[in-house]
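Order of listing sets the numbers, starting from 1, for every ligand and every atom in it.
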Amino acid sequence: MSARRGPRIVLLGKQGSGKGTQGVRLARHYGMQHLSTGQMFRDSAEVGVRAGLEAKEYMDRGELVPDDLVIAVVEERFGNPGEVHPGFVLDGFPRTRQQALELDRILGEHGLDIVIDLEVPSDVVVERMRSRGREDDTEESIRRRLALYESETKPLVDFYRDRSLLVTVDGLGSEEDVERALLAAIASRFGAP
Ligand code: ADP
C-alpha cells in the first residue's frame, strides 16, 4: 500500500458558491472523502437520528447549528481513520472561529494543507440559491445565512491567511473551469496528484 497521502482541504465560501459541487469533484479526483456538515445533518435528520433532527431546527431557520453539536458530529467522523486517509475535503466546516480551533485540536500534528476561499459575488449566490430551491433556501433564510457568513465565517479567511494556508479561487465559470482552477491551486501547494 502506498504511504502517499492526499491533500487535507477546507473549502470556504458563501452559501451557493459551489463548495458542495466542487467538494464532490475534488474528492473524486483524489479518491478521498468529501465531508459536508450540512449534508451529514440532512442525511441524519432524514433517517431520524437525534443529532440530525436537533440540527434541522436551526437549519430550517437559517441559523448556525450550535458549535458543540457540530463539533461532536465532526469528531465522530474523524475518529474513523477511513474518513481522513488518504486526505479529505471539508465543506461547510469550520464555520466559526471556535470550530476552526477545535479542528486544529482534532487533527493534531498533521494539520490542514490548504484552505480555499471560493469567491463568488453575493448577487450571484443569491440567484443560485433561489434556483436551487432547497428546503432552507427561502428568502428569509438566504438573507440570514449570508449575514452569518459575513459575521461568523468570513473572519476565518484572515485566520487561515495568518497561518499561510489560504488561497483564493474565482468561483465564477463552468464547473469544469472552477475545478481546473482549484486543482491548480492545490497542486501549487501540495504537488500534483
Ligand atoms: P449552505 O452552504 O447553503 O448553508 P450547507 O449544506 O453547507 O449549505 O449548510 C446548511 C445548514 O447546515 C446551514 O445553514 C447551517 O444551519 C447548518 N450547518 C452546516 N454546517 C455547519 C457548521 N459547520 N456550523 C454550524 N451550522 C452548520
Side-chain angles (χ1 to χ4, degrees), residues 8-27 33-47 49-79 83-84 88-107 112 115-157 159-160 169 171-172 175 178 182:
R8 299 169 157 229
I9 305 167
V10 163
L11 291 179
L12 289 179
K14 293 182 192 108
Q15 294 78 359
S17 61
K19 296 191 300 296
T21 305
Q22 295 297 334
V24 170
R25 295 180 81 107
L26 291 179
Q33 292 284 330
H34 168 235
L35 303 168
S36 154
T37 40
Q39 196 57 50
M40 285 182 213
F41 289 134
R42 279 188 291 276
D43 291 345
S44 55
E46 208 170 290
V47 294
V49 170
R50 207 176 72 188
L53 294 174
E54 216 175 297
K56 188 174 186 319
E57 299 194 12
Y58 296 91
M59 294 166 77
D60 286 348
R61 290 197 295 265
E63 290 168 14
L64 287 179
V65 176
D67 283 341
D68 356 353
L69 185 55
V70 182
I71 290 158
V73 167
V74 171
E75 196 156 14
E76 195 192 322
R77 285 288 289 264
F78 273 66
E83 300 287 349
V84 279
F88 54 81
V89 185
L90 264 176
D91 150 22
F93 181 91
R95 251 182 235 237
T96 65
R97 186 183 163 78
Q98 184 61 34
Q99 292 179 15
L101 294 170
E102 295 284 348
L103 179 60
D104 277 349
R105 177 183 63 74
I106 293 168
L107 292 178
L112 296 169
V115 176
I116 302 171
D117 181 19
L118 195 54
E119 250 189 354
V120 178
S122 290
D123 52 338
V124 176
V125 299
V126 168
E127 225 15 80
R128 286 185 185 173
M129 280 189 273
R130 280 187 185 134
S131 58
R132 168 173 88 173
R134 210 171 64 197
E135 207 181 328
D136 59 341
D137 288 337
T138 62
E139 291 294 321
E140 172 64 18
S141 163
I142 290 174
R143 200 185 52 70
R144 192 172 292 165
R145 278 149 64 213
L146 286 174
L148 281 169
Y149 183 81
E150 291 299 317
S151 64
E152 301 297 320
T153 309
K154 211 166 158 203
L156 296 182
V157 169
F159 178 96
Y160 285 120
V169 169
L172 287 179
E175 283 184 25
V178 176
L182 287 167

Quick one: side chains of residues 11-18, donor-acceptor pairs under 3.5 Å with protein atoms, not counting sequence neighbours, listed by atom name and distance.
{"from": "K14", "atom 1": "NZ", "to": "V120", "atom 2": "O", "distance (Å)": "2.8"}
{"from": "Q15", "atom 1": "NE2", "to": "R145", "atom 2": "O", "distance (Å)": "3.2"}
{"from": "S17", "atom 1": "OG", "to": "K14", "atom 2": "O", "distance (Å)": "2.7"}

Self-check item: Main-chain N/O of D136 paired to S141 side chain as donor or acceptor, under 3.5 Å
Solution: yes

Quiz item: Salt bridge check: are E140 and R61 linked by an N-O gap of less than 4.0 Å?
Solution: no

Self-check item: Atom-level proximity to ligand 1, residues with heavy atom under 4.0 Å
Solution: Q15, K19, T37, G38, R42, M59, E63, L64, V65, V70, G92, F93, R95, Q99, R132, R134, D136, R145

Practice problem: Evaluate the side chain to side chain contact (heavy atoms under 4.5 Å, CB included) criterion for residues E102 and D67: first the C-alpha distance (whole Å), next the side-chain angles of each, then the deciding distance (0.1 Å), finally the verdict. | Solution: CA-CA 10 Å; E102 295 284 348; D67 283 341; over 6 Å; no

Exercise. Would you check, one step at a time, whether the test side chain to side chain contact (heavy atoms under 4.5 Å, CB included) holds for I71 with R105?
Key: CA-CA 11 Å; I71 290 158; R105 177 183 63 74; 4.2 Å; yes

Quiz item: After noting the C-alpha distance and the side-chain angles of L112 and F88, does the key distance pass the side chain to side chain contact (heavy atoms under 4.5 Å, CB included) rule?
Solution: CA-CA 9 Å; L112 296 169; F88 54 81; 4.0 Å; yes

